[in-house]
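Chain A is the first sequence line, chain B the second, and so forth, proteins listed ahead of strands; every chain is numbered from 1.
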Protein chains: 4
Amino acid sequence: MVRYKKSEEKRKQILFAAFQALSELGYDSVTLQTIADHAEVSKGVVHYYFGSKEAVLVELLEWLTAKISAKEQAAVQEQPTAAGKLKAYIDSAFPGPAKNRSFYRVYLDFLARASRIPVYREINQRFYDNCARISTEVLTLGQKEGIFAKALIPDTTAPVIRAIIDGCLIQWLMKDDDELHAAYKESCYEAVMKVLRV
Amino acid sequence: MVRYKKSEEKRKQILFAAFQALSELGYDSVTLQTIADHAEVSKGVVHYYFGSKEAVLVELLEWLTAKISAKEQAAVQEQPTAAGKLKAYIDSAFPGPAKNRSFYRVYLDFLARASRIPVYREINQRFYDNCARISTEVLTLGQKEGIFAKALIPDTTAPVIRAIIDGCLIQWLMKDDDELHAAYKESCYEAVMKVLRV
Amino acid sequence: MVRYKKSEEKRKQILFAAFQALSELGYDSVTLQTIADHAEVSKGVVHYYFGSKEAVLVELLEWLTAKISAKEQAAVQEQPTAAGKLKAYIDSAFPGPAKNRSFYRVYLDFLARASRIPVYREINQRFYDNCARISTEVLTLGQKEGIFAKALIPDTTAPVIRAIIDGCLIQWLMKDDDELHAAYKESCYEAVMKVLRV
Amino acid sequence: MVRYKKSEEKRKQILFAAFQALSELGYDSVTLQTIADHAEVSKGVVHYYFGSKEAVLVELLEWLTAKISAKEQAAVQEQPTAAGKLKAYIDSAFPGPAKNRSFYRVYLDFLARASRIPVYREINQRFYDNCARISTEVLTLGQKEGIFAKALIPDTTAPVIRAIIDGCLIQWLMKDDDELHAAYKESCYEAVMKVLRV
DNA sequence: AATGAATGAGAGTTCATTCAT
DNA sequence: AATGAATGAACTCTCATTCAT
């Protein structure tokens, strides 16, 4: 799916600029001009590389969710035990106030769109599937280790884990207080543990 | 509190029209014209009653969250036991596919804005405070009854309960499948119970 | 021409309010609402009495110029000598900073319109004719008294006298300095005297 | 003073179109669309070059008054004698019915605004200062030559000269008769001469 | 006689998109 | 490959006017 080999780097640069602009300004205020400004290119370039504003945003969601998935996947795989994996997953989902804020601001914009527009929903679905894959991996290993309840069905439990993560981070985002980040992370971890434990 | 000389009823009519329009079309596509169309009034009337598009939206969030809070509060208070209250709270938060879809679509739009714009954040904070009040009521009663863990601190536990509710409903919304509504509700209930139980 | 006997007083009230509003806000910013606010009546009343916004303004110019003409006419007729009449005329045209400012602001708005719209031009022409009548009266008396040049033809000299008055007051208005009012009045008087003297 | 990257020529084209549109239609009737139509560009271009309608008008007044000043200045400097300079100044201020009409229509609109809005007043003040400079030059030379009264103080006399010019041209404009242009010019010249003569 | 709710045409402005260079 | 001038559709907002009460 490498459409523009030569200029793949510039596409990344524009996507990252779009991410920054979107995070700062929000959906209604972001324009091709502000994206171009953040990328330090001309307005025409954004069009040249993506064809339309909509295409930039779709690809941004794709890129963002893929990056998050990869990061979380990698973090979990480094750990040998279920407990370690779960801890790594939550740590990965709560990298810190700055990163969580910029990502969740943008992600909420996308979720709002995804609730109405299929193309965004499909991309988000792939993200959710990846999250479920990670959760399932952790859960089944924990069941084998005997630390998680055997009765839990991965297909129904996995979404709840992501629900708790997203729900906690949204709550934190709305408090707008960096100091509380650690507490929300801890609350999230405790909640997930209680849901999974024997 | 008689703030408006102008017919309070027409204001409600316009707010409800705005809710419908926003739910259908989303933030970027909703215009004063589409709101007016849904309310079956002229474009000028919306301005006449609210002064600006922004004012309509702010008041819509206020109205929506107040309505939800009142409904949940009432449902919980009808029940005498902690178990009954918790069930009533979750039932109230999961009234059904149609209602949940229309509300959460709009609510996600507002959350995205609230992450950047103080006036929306403040309104949402009042909503969260009401949710926390309900959760605390349920939790402390359950602790007295002995069905919930005594060690749980209301201040840190309450937000997690709403996080699970919102998280589960967002997951469901993204699946876009009415059939799954009951299952997500059940998962949510189970998760909250596990978080609270002794 | 007394169209509404009973309510002639309210018409005056509205016209005066329109004058105040226009003087304060200028042509582009004055609305029926601001006129109604100044008159302390409802917006509908202004329409009811005048039929349209344009009609208010046309009648305002008529009323204003008639009032000025009458005042100047009266002042001049009180004086027996040509010198006294001229002094009275200039005094009457320079009643003071506050009055000159409010009138000339509005009058400039009307002159701008009069340069394009016949109905305003005709009203202004009647005003100019009255000014010319006064000037002619002063001039011919002065010629009889031997203090003004016999060679001056009233028809060509009269407009110049008003030109000097208007020109000086516009210059003063643009300086926006109340302190200079007396100096501009003196300059105006001197200039007119030099134009008329033997 | 290279303030604009965008084609300076196109800016001039739009300013001239704005002048034509304003002269024809007047302040209340001139819109970005009519300006764009006169300039034979799209409505968006006017915004693109000036940022706002207000900015077009402010720059128009600046451009117009600068042009008039330059023209009058040049005309006066060509003449060696005070009498010649004065004649050249008046000739320059009375270029003919068509030019005087279009300029004074627009200028009256600006004077009305200048009486309330500082930015317009400041621009007009610069114009008045230039007029005063010219008048002072003519006056002091005439005093040296012995044809103008030695007692005249330039600072108080100069504004009166412009007052007579503006006053006469406004009187002429209100008559709306091209035939009278020459007579008003003559009257103006005579009046100024009488004010200055020994 | 008086009100002000309702209308909708039209204003200024924004911005994705196009395209000549 | 890159630019930014140009376009015009669509937006929010204003306001004279109408009209039921």
Listed nucleotide nearest any side-chain atom of B:Ser42, set E:dA6, F:dT7, F:dC13: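 Between E:dA6, F:dT7, F:dC13, the one nearest the side chain of B:Ser42 would be E:dA6.
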Rounded distance (Å) that lies between atom [atom2] of [N] and atom [atom1] of [X]:
X	N	atom1	atom2	value
D:Lys53	E:dT14	NZ	C1'	17 Å
C:Ile14	F:dA16	CD1	P	15 Å
B:Phe50	E:dA6	CZ	P	12 Å
B:Leu57	F:dT12	CG	C1'	12 Å
B:Glu54	F:dC11	CD	P	17 Å

Assuming nearest nucleotide by heavy-atom distance, tell me which of C:Val41 and B:Lys10 is located more 5' along DNA chain E.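 In this pair, the answer is C:Val41.
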Which residue lies more 5' along DNA chain E, comparing D:Asp28 with D:Gly51 via nearest heavy atoms: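 Looking at the nearest nucleotide for each, D:Asp28 comes out on the 5' side.
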Below 4.0 angstrom from OP1 or OP2 of [N], is there any side-chain N or O of [X]?
X	N	answer
D:Lys43	E:dT14	no
A:Tyr48	F:dA1	yes
C:Tyr49	E:dA2	yes

Suppose we screen for ring pair (Phe, Tyr, Trp, His ring centres under 6.0 Å). Which residues come up paired with C:Phe110, at least two apart in sequence or across chains? C:Tyr120
Residues that C:Phe127 engages under ring pair (Phe, Tyr, Trp, His ring centres under 6.0 Å), provided they are two or more places apart: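 For C:Phe127, the residues satisfying ring pair (Phe, Tyr, Trp, His ring centres under 6.0 Å) (neighbours in sequence not counted) are C:Tyr107.
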For C:Lys67, which residues count as a side chain to side chain contact (heavy atoms under 4.5 Å, CB included) partner, sequence neighbours excluded? C:Trp63
Identify, with sequence neighbours excluded, every residue that meets side chain to side chain contact (heavy atoms under 4.5 Å, CB included) alongside D:Ala55. D:Phe50, D:Ser52
Would you find a donor on one side and an acceptor on the other, under 3.5 Å apart, between the side chain of [X] and the backbone of [Y]?
X	Y	answer
A:Arg11	A:Tyr49	yes
D:Gln13	D:Ala39	yes
C:Ser7	C:Lys10	no

With sequence neighbours left out, write down each residue that passes salt bridge (Lys or Arg N to Asp or Glu O under 4.0 Å) with C:Arg101, or none if nothing qualifies.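 Per chain and number, C:Arg101 pairs via salt bridge (Lys or Arg N to Asp or Glu O under 4.0 Å) with C:Asp176, C:Asp178.
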List for me each residue that meets salt bridge (Lys or Arg N to Asp or Glu O under 4.0 Å) alongside B:Arg113, sequence neighbours excluded, and say none if there are none. A:Asp28, B:Glu54
Partners meeting side-chain hydrogen bond (donor to acceptor under 3.5 Å, both in side chains) with D:Gln33 (sequence neighbours left out):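 Per chain and number, D:Gln33 pairs via side-chain hydrogen bond (donor to acceptor under 3.5 Å, both in side chains) with D:Asp37.
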Any protein N or O atoms within reach of nucleotides 19-21 of chain F? Criterion: under 3.5 Å, listing atom names and distances.
none

Residues 14-26 of chain A, side-chain donor-acceptor partners within the protein, below 3.5 Å, at least two apart:
from	atom 1	to	atom 2	distance (Å)
A:Glu24	OE2	A:His38	NE2	3.2

For DNA chain F, consecutive-pair runs of 3 or more (Watson-Crick or G-U wobble, both H-bond-type distances under 3.5 Å) give E:2-21 with F:2-21
Interface residues of residues 29-37 of chain A with DNA chain E (non-hydrogen, below 4.0 angstrom): A:Val30, A:Thr31, A:Leu32
